[in-house]
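Just below is one structure, and these are the notes that go with it.
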Amino acid sequence: MEAQMQKDLRNLARECTKAGKHTEAFFHLTHALNADPDNLELLQMRAKALIQCEQYNLALMDADKVMSLAPNSGMGHTIRADIYFTTFNYDKAIENYKKGFQCKDGNKEYCMEGINKCKKEIVKDKELDRQYPYIGCALGIFISSVILVLDYLSFGKESYVAHPLLKVASTGLAAGICYSIGLLYRRSVKHLRRALLEPPPDLFNLNDKEDDVHPHEKTMFIPMRNKNGVEYVL
């Protein structure tokens with residue numbers, strides 16, 4: 001009976017995935033996993049559904065469980081790689097694609113394709129890291145030059161920055177500030193990418209309330225975020 005119900009839930013999840021209803025697929029797969037929590041296929045399917053739902057920290061939990069149940073399989077590494085690639089963490093993604101490629105049951109073609117994609121994105125990222133500070137520097141020089149010209153047209157020699165050295169210093173200062181802004185922007189982008197893998201804050205301390213519940217009556221409260229950033233709880 002349970003086997004038939006699990007099969008039905010798996011089929012429902014597949015239908016929901018094809019229809020783009022990934023949240024519904026997640027609930028069906030979670031229901032099926034309650035009966036068979038160590039089912040690798042169901043864990044893999046749920047991880048993929050969670051990626052589509054943008055619940056990357058929960059998807060990582062499923063990937064870690066797959067790796068613990070099948071440490072010699074490439075399945076867990078491939079799931080982790082997909083999560084890291086989706087969240088733009090290309091260094092970790094390429095590392096896991098390589099591990100998946102080295103496993104005997106790994107999908108060599110899929111992993112190699114992922115490795116090549118990661119290499120291209122890493123090159124683009126490094127180029128952006130190099131370019132943004134200088135773009136900021138050029139923007140700072142342009143803005144300061146425009147301001148100095150307008151200041152001269154408005155005040156002439158009575159301007160506070162009429163001296164040539166002051167003009168050079170103000171332009172250099174603006175260039176330096178905008179250069180730093182470019183650096184900080186790229187660092188903030190990478191920080192936000194890592195933050196995508198972190199669980200949302202438990203604003204209502206729901207997991208702490210489990211301490212007062214009998215062990216056999218405990219329920220896992222999982223905070224999730226939808227695509228609009230609204231938090232809700234399973």
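What's counted below: heavy atoms across the whole structure, side chains too, no hydrogens, waters or symmetry copies. A quick note: this is a predicted structure, and the numbers were derived from the prediction, not measured.
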Check the hydrophobic clustering (I, L, V, M, F, W, Y; side-chain heavy atoms under 4.5 Å; chains of links allowed) and say if Leu150 and Phe142 are grouped together.
yes
Is it true that Leu43 and Met67 fall in one hydrophobic cluster, defined by side-chain heavy atoms closer than 4.5 Å?
no
Ignoring hydrogens and geometry, is there a side-chain-to-backbone donor-acceptor pair from Asn96 to Lys92 under 3.5 Å?
yes
Ser170 side chain to Lys167 main-chain N or O, any donor-acceptor pair under 3.5 Å?
yes
Any side-chain heavy atom of Cys16 sitting closer than 4.5 Å to one from His28?
yes
Does a side-chain heavy-atom distance below 4.5 Å link Glu127 with Val123?
no
Between Ser73 and Val66, is there a side-chain heavy-atom distance shorter than 4.5 Å?
no
Interatomic distance, SG@Cys103 vs NE2@His77, rounded to 0.5 Å, equals 4.5 Å
Can you confirm if the aromatic rings of Tyr90 and Tyr84 lie within a centre distance of less than 6.0 Å?
no
Within the side chain of Asn116, is there an N or O that forms a donor-acceptor pair under 3.5 Å with the backbone of Met112?
yes
Given side chains that start at C-beta, do those of Cys137 and Ile141 come closer than 4.5 Å, heavy atoms only?
yes
Distance-only donor-acceptor check, side chains Glu15 and Asn11, under 3.5 Å:
no
What's the spacing between Asp62 CG and Leu29 CG if we round to 0.5 Å?
9.5 Å
Kindly say whether Thr87 contributes a backbone atom to a donor-acceptor pair with the side chain of Asn89 at under 3.5 angstrom?
yes
Which heavy-atom pair separates Asp129 from Arg186 by the least distance, and what is that distance?
OD1-NE, 2.7 Å
Arg130 side chain near Lys126 side chain, heavy-atom distance below 4.5 Å
no
From Gln102 atom CD to Asn72 atom CG, the distance as rounded to the nearest 0.5 Å
12.5 Å
Looking at every non-hydrogen atom in both residues, tell me the closest pair between Cys178 and Gly140 and how far apart they are.
SG-CA, 3.5 Å
State, yes or no, whether a side-chain contact exists between Val149 and Leu153 at a heavy-atom distance under 4.5 Å.
yes
Rounding to 0.5 Å, atoms CG (Leu9) and CG (Leu42) come to a distance of 9.0 Å
Take Lys117 and Glu121 through the test salt bridge (Lys or Arg N to Asp or Glu O under 4.0 Å) and record every step on the way to the result.
CA-CA 6 Å; Lys117 286 181 180 179; Glu121 295 299 332; over 6 Å; no
Enter the distance from Gln44:CD to Asp82:CG here, rounded to the nearest 0.5 Å.
9.0 Å
So Tyr110 and Tyr97, would you call those rings parallel, tilted or perpendicular, with 30° and 60° as cut-offs?
perpendicular
Do Met75 and Leu60 belong together in a cluster built from hydrophobic side chains that touch within less than 4.5 Å?
yes
To the closest 0.5 Å, what do you measure between CG (Leu128) and OH (Tyr185)?
9.0 Å
Qualifying residue, where the test is salt bridge (Lys or Arg N to Asp or Glu O under 4.0 Å) with Glu41 and the options are Lys7, Arg14, Arg46:
Arg14
Would the distance check show the side chain of Lys65 and the main-chain N or O of Pro37 forming a donor-acceptor pair, the cut-off being under 3.5 Å?
yes
Would Ile181 and Ile177 count as a side-chain contact (heavy atoms from CB on, under 4.5 Å) if you check the C-alpha gap in whole Å, the side-chain angles of each, and the deciding distance to 0.1 Å?
CA-CA 6 Å; Ile181 291 173; Ile177 291 172; 4.0 Å; yes
With clusters defined by side-chain heavy atoms of hydrophobic residues (ILVMFWY) lying less than 4.5 Å apart, directly or transitively, does Tyr179 cluster with Tyr132?
no
4.5 Å side-chain heavy-atom contact, Thr86 and Tyr56:
yes
Side chains of Thr17 and His22 in contact at under 4.5 Å (non-hydrogen atoms):
yes
